[in-house]
Colleague: 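Sharing a structure, written as structure tokens. Questions coming.
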2 protein chains.
Amino acid sequence: MASPGPAFLLAQLGAHAARRFAERVAELDLTPPQAGLLRSVAREPGLSQQALAAHLGTPPTRVVALVDGLEERGLVERRRNLADRRLHALHLTEAGAALLREIGRVGAAHEDALLAALALLRREQLRGLLSRVVEEQRLTEGVHPGYRTLRDTRASDRETPGPVVR
Amino acid sequence: MASPGPAFLLAQLGAHAARRFAERVAELDLTPPQAGLLRSVAREPGLSQQALAAHLGTPPTRVVALVDGLEERGLVERRRNLADRRLHALHLTEAGAALLREIGRVGAAHEDALLAALALLRREQLRGLLSRVVEEQRLTEGVHPGYRTLRDTRASDRETPGPVVR
DNA sequence: TATTGTTATACTCTATAACTATA
DNA sequence: TATAGTTATAGAGTATAACAATA
């Protein structure tokens, strides 16, 4: 039985990393999708829910549910567009921005613990290799594929050149 | 907004890799957990279902369900232990072994497509870095954490030294 | 008639708990 | 009484479909 190749190690470690991160953000009463949404809203404030859903590659209904929970807690707000009252622009509240900074701290601690086996130079080396793969695979920067449905993934493969699949 | 660090890239690529692999093994009418079970049974034939569940870090009921499906298709078989008739030793059938070889081919194609951005030397470099992290994090070789529940993960963290968590 | 957002529903996966048989 | 395996049940997470408001 051959020892696992890099593709399996990626899946294995990726799931492990995601789980550990989930445990850490749970201390902030957040799930990873919620944390990701906060991050995305901060990255480009004012997007409509549909636009955000498209960026994340998720059905709009999921954004509604996520925003519902975060809005109740005063972390994000929906601002109705006066010109087109169907649109709800998403913005972080001050509390949301503060929590996002907390998420950043949690993420740094997570990374440090996860990569304890590697010195800083090696981590940078790893980051370089991974980002090359991310780019070639046409993954959206900063978006976890957990948002993306199988069907949506295939659809976007048809629209764009995409990575070579043999 | 800082570009993602290696921990996020790992989670992102890991989820992507798992999804792509799922698409590929679906062509063999298998899910990744089923493929993983076949692989585990091949690695150590004759384990009881409980022993296999412990190795995978999953509740035994899940193994029952997985084996049910695979046994119906004639890929694995339960052999009753005559000395202790409660025990069901798991073995691959000839068809199961053949399908496992197919899985190996699918996995190789998957890896090649996933890591198209990297030359062979770089892939080996990546494998080296990842396996160091896998070892330090005390992950079981060849077992995807998807089998492992959150509660079980924490329990095993308490029993073993485990990686340093700050 | 088309689009944004929402609500309602159903489905998949998995864990937990109850149960059977063997010891 | 304890253990291996099984069956039954329930919960979380997510997608799909139907609907309301606005354009």
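Letters go in sequence order (proteins before strands), and every chain restarts at 1.
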Colleague: L47(B) has an atom CG; how far is it from atom P of dG5(D), in whole Å?
Modeller: 10 Å
Colleague: Do L30(A) and R73(A) make a side-chain contact, defined as non-hydrogen atoms from C-beta onward lying under 4.5 Å apart?
Modeller: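 L30(A) reaches R73(A) side chain to side chain.
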Colleague: Does a sphere of radius 6.0 Å around CZ in R78(A) hold more than 12 heavy atoms from other residues, nucleotides or ligands, not counting ones at 6.0 Å or beyond?
Modeller: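 More than 12 within 6.0 Å, yes.
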Colleague: Rounded to the nearest angstrom, tell me the gap between atom CG in D68(A) and atom P in dG13(D).
Modeller: 15 Å
Colleague: Considering only residues two or more places apart or on different chains, which pairs with a residue in residues 99-121 of chain B satisfy ring-ring contact (aromatic ring centres under 6.0 Å, His included)?
Modeller: F21(B)-H110(B)
Colleague: What nucleic acid atoms does Q49(A) come within less than 4.0 Å of, heavy atoms only: base, sugar-phosphate, or nothing?
Modeller: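 Sugar-phosphate: the residue Q49(A), judged by heavy atoms under 4.0 Å, touches backbone atoms but no base.
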Colleague: Are any of the side-chain heavy atoms of L100(B) and V41(B) separated by less than 4.5 Å?
Modeller: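 Counting from C-beta outward, L100(B) and V41(B) never come under 4.5 Å.
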Colleague: Side-chain heavy atoms under 4.5 angstrom apart, residues restricted to Ile, Leu, Val, Met, Phe, Trp, Tyr: same cluster for L56(B) and L75(B)?
Modeller: yes
Colleague: Write down the distance between CG (L66(A)) and P (dG5(C)), rounded to a whole number of angstrom.
Modeller: 14 Å
Colleague: Could a donor-acceptor pair under 3.5 angstrom be found where the side chain of T61(A) meets the base of dT7(C)?
Modeller: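 Check fails, no donor-acceptor contact within cut-off.
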Colleague: Looking at R132(A) and E135(A), is there a salt bridge between them, counting it only when a charged N and a carboxylate O are closer than 4.0 Å?
Modeller: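 Salt bridge: no.
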Colleague: Any chance you could measure L90(A), atom CG, to Q49(A), atom CD, to the nearest 0.5 Å?
Modeller: 5.0 Å
Colleague: Using both pair distances under 3.5 Å as the test, note the stems of at least 3 consecutive Watson-Crick or G-U pairs that include DNA chain C.
Modeller: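 C:1-23 with D:1-23 - these are the stems of 3 or more pairs that involve DNA chain C.
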Colleague: Would a 4.5 Å heavy-atom cut-off, applied to side chains only, mark L139(A) and V134(A) as touching?
Modeller: yes
Colleague: How long is the line joining OH of Y147(A) and P of dG13(D), in whole Å?
Modeller: 13 Å
Colleague: Near DNA chain D, under 4.0 Å by heavy atom, which residues of residues 77-91 of chain B?
Modeller: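 Heavy-atom contacts with DNA chain D come from R78(B), R86(B), L87(B), H88(B).
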Colleague: Run the salt-bridge test on E94(B) and R101(B) with the 4.0 Å N-O cut-off and return the result as yes or no.
Modeller: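 Looking at R101(B) together with E94(B), the answer is yes, because their closest N to O distance falls below 4.0 Å.
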Colleague: Checking contacts here: which listed nucleotide (dT7(D), dG5(C), dA15(D)) is nearest the side-chain heavy atoms of V64(B)?
Modeller: dT7(D)
Colleague: Looking only at side-chain N and O atoms, does R62(A) come under 4.0 Å of OP1 or OP2 in dA15(D)?
Modeller: yes
